[in-house]
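Read the structure below first, then the notes.
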Amino acid sequence: MILILRLLSKPVVVFMLDHFYSIISMTSNDEKASKKRSIQGCKTTLVAAKCTPPDALRAGFPDLKRLGTYFGIYLGVGTVIFYALKNDIRGHKTIDFIDSLYLCVVTMTTVGYGDLVPHSYNAQLVCIFFITVGMCLFGIAVKIAAKYLVVKQQMVMVNALRMSRKIGPVEALKEIESVKIDYNKLKISLIAMAGHYVIGIFVLLTIEGMDFTDAIYCAFTTMTTTGFGDETFQEPFGRMFAVFWISTGTSCVGQLFLYIAEIYTDIETRKLAKQVISNNIIAKTDLEAADDIKDGKVYGAADMILYKLKEKGKIKQDDISVAMKDLDDVIKDVDVDDVTPPKSAEEK
């Protein structure tokens, strides 16, 4: 049981750890580092290798470890209970312990073949409770995945704003534009799923003795957790293999969905970062337009800068009023006629 727990929890932990260095640039506070640092370059520098994961993500790992423990206890207790209720379970049976563990995994992953089913009132109540607890555990897994995506999005935004302050918004936009979305993890996940699918077909052909078409059909309905039940694992070794194969297969499917969601989140986060940084740029045309004094009420680029600061919430209207009043006083004190422009060489 401990071995199964490790096998189930290992892929999840590995892919979460794999993402640490992809967002490591968001946590670097090294003041001696180069001022111009790209998001992509931080993955490959020595500075990135010495960085530590964000506190928000580190805090989520106890939840992940605890979830793995919960799943282990869930499978262990479920196996013992179904073993005690073996006389209340009907269907094609092989070895009682293997059948109990097999029924737990098939139920937990929502495959639900139907080759083993409860037929007594007590067994049905136990199954209802078992399924409810399993749904809650998967809800916790979804919550951890969502937290990971949200924290990553927040950290990317923090890094983008930090870069904008260090190298300027224009250069920061160029850096963000140069960063490409990483599709490698998605490709690796698809390859892993294909390999997993082929292994399942091979076992169904050799151990279960299915036809090639039936093996493909059974493997596909199992990996997608459809589980019609017309083609199932019937042999003891086949069911023992199914315990591992179905568990890792549903993990691969969940990981694939997470990678798809991560890519979409990266694309939308980059759009948002570009929009936020673009709002911090005062266009040259705006400054030139601000220099066109109209009715003696506009005081050039300084007035435009004050307006932009107010627009971004950096200063209040009261601050602007005081600044403009002081500027009015300065202008009144200066007599424009008294200011004689310097003569040119031709006038001399």
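The figures that follow rest on heavy atoms only: side chains count, while hydrogens, waters and symmetry mates do not.
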Inset, instruction - For atom OH of Tyr197, decide whether the heavy atoms of other residues, nucleotides or ligands shown that lie under 6.0 angstrom number more than 12. - result: yes
Is it the case that the side chain of [X] and the backbone of [Y] share a donor-acceptor pair, with hydrogens and angles ignored and the cut-off at 3.5 Å?
X      : Y      : value
Asp211 : Thr213 : no
Ser247 : Val243 : yes
Trp245 : Met223 : no
Thr94  : Pro236 : no
Lys152 : Thr265 : no
Thr232 : Gly229 : no

Legend entry - Cationic N near anionic O, under 4.0 Å, Glu177 to Lys174: no
Inset, instruction - Taking only Lys NZ, Arg NE, NH1 and NH2, and the carboxylate oxygens of Asp or Glu, determine whether Lys93 and Asp96 approach each other closer than 4.0 Å. - result: no
So if you build clusters from Ile, Leu, Val, Met, Phe, Trp, Tyr with side-chain heavy-atom gaps below 4.5 Å, do [X] and [Y] land together?
X      : Y      : value
Tyr259 : Leu190 : yes
Val106 : Phe228 : no
Met240 : Leu116 : yes

Inset, instruction - Among Glu171, Lys271, Arg270, find the residue that satisfies the side-chain contact (heavy atoms from CB on, under 4.5 Å) test when tested with Ile176. - result: Arg270
Inset, instruction - Check Leu149, Val253, Val142 against Leu258 for a side-chain contact (heavy atoms from CB on, under 4.5 Å) and give me the one that passes. - result: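 With Leu258 as partner, Leu149, Val253, Val142 yield a single side-chain contact (heavy atoms from CB on, under 4.5 Å), made by Leu149.
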Legend entry - Aromatic centroids of Phe130 and Tyr74 separated by under 6.0 Å: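 Yes - the distance between ring centres of Tyr74 and Phe130 falls below the 6.0 Å cut-off.
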Inset, instruction - Verify the ring-centre separation between Phe241 and Tyr102: is it less than 6.0 angstrom? - result: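 Not close enough - the centres of the two rings lie 6.0 Å or further apart.
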